[in-house]
Amino acid sequence: MLGIEYLREEREVQLTGYSGRSTTATAELVTFDRRQRMRRAWFGLATWWALSTVSILIPIAHFALVPGFFLFGMYSFVRRRGTAEVAVSIHGACPDCDHEQAFDPPDRWTARPNFTCSNCHRSLRGSAVAG
């Protein structure tokens, strides 16, 4: 995005489900420094406010779209400013059904992310692998 090099790293995540077993998944994360977070935040704000400005031209709908895009721009700014890590991809096997898959990455990376198996549709809990 915007011609900036981001720090990418792979981390191992232990997945646990209902069966009591656990499996290991690999997560590819992008880490942002303070300057990159601010740049992403301003970009998000500008994008939503530009949509807010363009939506002025839409009859009737502009009564909801303009304030909605404007407020979501501020929300996006705060959210992106506080996001230091974002998961790009997560790949592993479900501990309950052993289905190998690419999990949908969460919006922001936390110490204990949650995932859903695309095969058995069970909720899985992730935790960092020490090492």
Side-chain angles (χ1 to χ4, degrees):
M1 180 173 87
L2 303 174
I4 300 173
E5 289 293 323
Y6 296 111
L7 176 64
R8 289 181 177 259
E9 66 176 287
E10 284 192 357
R11 289 193 194 156
E12 299 223 340
V13 179
Q14 184 177 19
L15 299 176
T16 55
Y18 294 105
S19 67
R21 292 184 30 211
S22 65
T23 58
T24 303
T26 303
E28 182 181 357
L29 302 175
V30 175
T31 305
F32 305 109
D33 62 20
R34 180 178 161 78
R35 183 176 173 184
Q36 291 168 334
R37 286 195 311 267
M38 287 304 294
R39 189 170 179 161
R40 285 183 71 237
W42 284 113
F43 182 76
L45 181 70
T47 300
W48 288 106
W49 281 10
L51 285 171
S52 177
T53 303
V54 170
S55 65
I56 291 172
L57 304 173
I58 303 172
I60 308 299
H62 72 271
F63 290 114
L65 294 178
V66 172
F69 289 151
F70 183 83
L71 292 173
F72 193 77
M74 291 189 296
Y75 169 78
S76 174
F77 179 84
V78 171
R79 183 99 171 157
R80 286 180 175 211
R81 190 185 66 202
T83 302
E85 294 180 319
V86 173
V88 177
S89 66
I90 297 124
H91 192 289
C94 173
D96 293 334
C97 69
D98 290 325
H99 180 70
E100 190 76 25
Q101 61 192 299
F103 293 99
D104 291 330
D107 292 340
R108 347 171 55 159
W109 188 254
T110 61
R112 297 187 54 82
N114 293 318
F115 305 102
T116 302
C117 176
S118 63
N119 187 49
C120 67
H121 303 289
R122 290 188 175 172
S123 179
L124 307 173
R125 181 72 136 165
S127 61
V129 174

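For the residue pair Trp109 and Ala27, the shortest heavy atom distance occurs at CH2-CB, 3.8 Å. Closest approach of Glu9 and Thr31 over heavy atoms only: OE2-OG1, 3.5 Å. The minimum heavy-atom distance between Gly44 and Ser76, with the atom names listed, is CA-OG, 4.0 Å. Minimum heavy-atom separation, Ser52 to Ser55: O-OG, 2.8 Å. Between Val88 and Pro105, the shortest heavy-atom distance links the atoms O-CG, 3.7 Å.
One finds the CZ atom of Arg21 at 8.0 Å from the CG atom of Asp96 (value rounded to the nearest 0.5 Å). Atom CZ of Arg81 is separated from atom CZ of Arg34 by 8.5 Å, given to the nearest 0.5 angstrom. Summarising the geometry, atom CZ belonging to Arg37 is positioned 10.0 Å from atom CD belonging to Glu85; distances are rounded to the nearest 0.5 Å.
You'll find the side chain of Phe103 stays beyond 4.5 Å of the side chain of Ser118, heavy atoms only. Inter-residue side-chain proximity for Tyr75 and Leu71 is flagged as unmet; no heavy-atom pair is nearer than 4.5 Å. In this structure the side chain of Arg125 reaches within 4.5 angstrom of the side chain of Asn114, judged on heavy atoms. Residues Pro106 and Phe115 have side chains in contact (heavy-atom distance under 4.5 Å, counting atoms from C-beta outward).
Both Phe70 and Leu45 are part of a single hydrophobic cluster, where members link through side-chain heavy atoms under 4.5 Å apart. A continuous path of ILVMFWY side-chain contacts below 4.5 Å connects Leu51 to Leu65, so both sit in one hydrophobic cluster. Each of Phe32 and Leu29 belongs to its own hydrophobic cluster when Ile, Leu, Val, Met, Phe, Trp and Tyr are linked at side-chain heavy-atom distances under 4.5 angstrom. Residues Met74 and Met38 share a single hydrophobic cluster, defined by chaining ILVMFWY side chains whose heavy atoms lie under 4.5 Å apart.
A donor-acceptor pair is defined here as one N or O able to donate and one able to accept, closer than 3.5 Å; such a pair exists between the side chain of Arg108 and the backbone of Gly82. Arg112 places no side-chain N or O within 3.5 Å of a backbone atom of Ser127 that could act as its donor or acceptor partner.
The only option from Glu28, Glu100, Gln101 that meets the side chain to side chain donor-acceptor pair (under 3.5 Å) definition with His91 turns out to be Glu100. Partner of Cys94 under the side-chain contact (heavy atoms from CB on, under 4.5 Å) criterion, chosen from Leu124, Thr23, Thr116: Leu124.
Side-chain contact, Gln14 with Ser22: a donor N or O sits under 3.5 Å from an acceptor N or O.
Atom CD1 of Ile60 sits in a sparse spot, with 12 or fewer heavy atoms from other residues, nucleotides or ligands closer than 6.0 Å. Surrounding CG of Asp98 are more than 12 heavy atoms belonging to other residues, nucleotides or ligands, all under 6.0 Å away.
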- [ ] Show your working on ring pair (Phe, Tyr, Trp, His ring centres under 6.0 Å) between Phe77 and Trp42 and close with a plain yes or no.
- [x] CA-CA 6 Å; Phe77 179 84; Trp42 284 113; 4.8 Å; yes

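Using bins of under 30°, 30° to 60° and over 60° for the plane-to-plane angle, the ring pair Trp48/Phe72 lands in the perpendicular bin.
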